[in-house]
Amino acid sequence: MAIRLYNTLTRRIEDFHPLENGKVRLYTCGPTVYNVAHIGNFRAFVFYDMLRRYLKYRGYEVFHVMNLTDVDDKTIRDSAAEGVPLQDYTARYKKAFFEDRDALRIEPVEVYPAATEHIPDMVRTIERLAERGHTYVAEGSTYFKIDTFPSYGKFANLDLSGTRAGARITSDEYEKEDARDFVLWKAWTPEDGPVFWDTPLGRGRPGWHIECSAMSQKYLGETFDIHGGGVDLIFPHHQNEIAQAEGATGKPFVRYWLHSEFLLVDGQKMSKCLGNFYTLRDILERGYKPMEVRYVLLATHYRQQLNFTFDALTAARGALERLRDFARNVHLAGGNEAGEILDETNERREKEFVASLDDDLNIAPALGAVFNYVRDIGRLIADGKLAQQDEVKVLGKLRDWNKVLGLIDLEDETMTDIEVLQMIELRTQARANWDWDRADQIRLELERKGIVLEDRRGGTVWKRK
RNA sequence: GGCGCCGUAGCCAAGUGGUUAAGGCGGAGGUCUGCAAAACCUCUAUUCAGCGGUUCGAUCCCGCUCGGCGCCUCCA
């Protein structure tokens, strides 16, 4: 059974089959590194991550490219405002992006091409477009001539025939022949300061969209499997990518286009004006954990708008705690061997998990399968029907799913902190003497250090809060 | 104005033309326990924004209304 994905190109859910058997070539639009990425950006990045992880889970070899836009109006403007060289300025936010990526357990992809390191590739793409008659030059800038690409607008389901020359020309694009045309190569202006490249196209810098066409094709070929991005990129960015790539090669560019919906805050799109703008760092400062953020970003289907709230983070904390406690309870199980019933349960829930995610990455029922499994096994443990030897199978299953979800640290459950164990031993003695005050005092003391105790039949166990 | 999405329990969120409308968080009760925690058990939507229509039968299909959100050359 094939994975089914919603393809923006056809506006339908389709069976996914890569161009080359067993291999997926994937490109996703990355951040513009002009400041710290916000959680709306990370919703898209977490979505790409789950897509990539799930493709791998289903046996595909994935080659994934994500661009870093390190030259554009904003990076130039803001670096100039600070008086810092562009490279130094963007390096700072590339670093921040990778830090946040790691905190959110987003897997590194195969290649992170930066725009500034691929100027010759972009120039070559523009030259190919010129050879095929898709461009014109005006006042040193090179433009894409929309008239030469008849299907322009179709990808976004937009009828652009009303937007003709002269209709909406603003002051800084007066040299365009048609308001719908977009710039491929932008001639140097004094505002660009030291940011320019001398190329056959003249002194200047690349336009907004060309990097994705040039870099994706460089690493993935002229036609590749999946291209992802946020819905806001459908138009104009992805439409322009298609025009550029297909205009240059005459071949289909991308086979499956996937778009993640917006993250909203207070029911509205995140924006600085509304003051509902959050970075991961903002949220961590409020005492939430990266995994809680990942859970929230992951738990809503990617084509559904997600209204971000702090209540959701709190709910995520509870759900994650249930998963972690479950892993520990399995580790501490001391019943009889489960036998066949365990294999049956594993198989049944695995089927549900895969069937759900095969269906356009339908995450909710997949998580439902995980939590139902937690209850299935919890019941076995409570009934004394799970043995310590069964741990391998159960945690193995959890580990499998975690390859896709990336929500729990299963290796983190080390129970060997000597100091804590000594405290527990003191408390156990106190309890043996019915000295409840002393016992509670020790428990409280540990709690202040973030250690929670639980008294089980087999003895006291602990966990970090 | 054009295009599109959404409205399911206190909150989040699946789902199906007809057996019990997943799951998570929260809440209530119970078992266990010195107490607590975890775990397990039970309960927490006679109902799926509203009104019509199609149908033997609709939360699911169609239409309208109301409400929310996004895109239509900054944007994940």
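Chain naming here is simple, since letters A, B, ... match the order of the sequence lines and numbering starts at 1 in each. In this text, all values refer to a predicted model and were calculated from it rather than measured experimentally.
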Could you give the distance separating B/U8 and B/G15 at their C1' atoms, to the nearest angstrom?
10 Å
Looking at A/N41, does any N or O in its side chain come under 4.0 Å of the phosphate oxygens OP1/OP2 on B/A76?
yes
Quick one: do A/R4 and A/E14 make a salt bridge, cutoff under 4.0 Å?
no
Residues A/D147 and A/Y152: side-chain donor-acceptor under 3.5 angstrom:
no
When the C1' atoms of B/C51 and B/A28 are considered, how many whole Å apart are they?
37 Å
Euclidean distance, atom NZ of residue A/K269 to atom P of B/G68 [Å, nearest integer]
19 Å
With heavy atoms under 4.0 Å as the rule, sort A/L263 into base, sugar-phosphate or nothing.
base
How long is the line joining CD1 of A/I146 and P of B/U73, in whole Å?
13 Å
Looking only at the aromatic ring of each residue, does the gap between the centers of A/Y34 and A/Y89 stay below 6.0 angstrom?
no
Between A/F182 and A/H209, is the ring centroid distance below 6.0 Å?
yes
Using heavy-atom distances to pick each residue's nearest nucleotide on RNA chain B, tell me which of A/A316 and A/P365 is more 5'.
A/P365
Using atom P in both nucleotides, what's the gap between B/C48 and B/U19 to the nearest angstrom?
15 Å
Rounding to an integer number of Å, can you tell me how far A/L306 CG sits from B/G70 P?
14 Å
Check A/E99 with A/R281, please: is the shortest side-chain N to carboxylate O separation under 4.0 Å?
yes
So if I apply the ring-ring contact (aromatic ring centres under 6.0 Å, His included) rule between A/Y302 and each of A/Y48, A/Y6, A/F45, A/F47, which one comes out positive?
A/F47
Mind checking if A/A319 touches a base, just sugar-phosphate, or nothing, with heavy atoms under 4.0 Å?
sugar-phosphate
Please determine, for the side chain of A/Q305, which listed nucleotide (B/G24, B/G70, B/C72) has the closest atom?
B/G70
Using the P atom on both, measure B/U16 against B/C3 and round to a whole Å.
27 Å
Distance between the P atoms of B/C41 and B/G68, in whole angstroms?
42 Å
Between B/C72 and B/G50, how far apart are the two P atoms, rounded to whole Å?
33 Å
What nucleotide, of B/G2, B/G4, B/G70, holds the atom closest to the side chain of A/N157?
B/G4
Is a donor from one side chain sitting under 3.5 angstrom from an acceptor on the other, for A/H259 and A/T8?
yes
Over how many whole Å does the gap from A/L298 atom CG to B/C25 atom P extend?
16 Å
Looking only at side-chain atoms of A/Q304, point me to the closest of B/A14, B/G24, B/A76.
B/A14
For B/G26 versus B/C12, give the span between their C1' atoms, rounded off to a whole number of Å.
11 Å
Starting from the 5' end of RNA chain B, give me the residue, A/G230 or A/D383, whose nearest nucleotide shows up first.
A/D383
Among A/F277, A/Y93, A/F262, find the one that has a ring-ring contact (aromatic ring centres under 6.0 Å, His included) with A/H38.
A/F277
With heavy atoms under 4.0 Å as the rule, sort A/H301 into base, sugar-phosphate or nothing.
sugar-phosphate
Each nucleotide of nucleotides 32-39 of chain B classed B (base within 4.0 Å of a protein heavy atom), S (only sugar-phosphate) or -, in 5' to 3' order, makes S-BBBBSS
Can you give me the dot-bracket string for RNA chain B, 5' to 3', counting Watson-Crick and G-U wobble pairs with both distances under 3.5 Å, using [ ] for crossing pairs and | for partners on another strand?
(((((((..(((.....[....)))((((((.......))))))....(((((..]....))))))))))))....
Roughly how far apart, to the nearest Å, are B/G23 and B/U44 at atom P?
12 Å
Between B/A76 atom P and A/F277 atom CZ, what is the distance in whole Å?
10 Å
Please report the distance, rounded to the nearest Å, between CZ in A/F182 and P in B/C74.
14 Å
State whether a side-chain donor-acceptor pair under 3.5 Å links A/T345 with A/D376.
no
Length of the CG-P vector between A/N372 and B/C40, whole Å
11 Å
Would you indicate what A/F262 reaches in the nucleic acid, counting non-hydrogen atoms under 4.0 angstrom: base, sugar-phosphate, or nothing?
base
Roughly, in whole Å, what's the span from NE2 in A/H238 to C1' in B/U73?
14 Å
Provide the closest heavy-atom pair for A/L386 versus A/A338 in the form atom of the first, atom of the second, distance.
CD1-CB, 4.0 Å
Check: A/T460/A/D455 side-chain N/O donor and acceptor closer than 3.5 Å
yes
Name the nucleic acid region contacted by A/T314, choosing base, sugar-phosphate or nothing; use a 4.0 angstrom heavy-atom cut-off, strictly under.
nothing
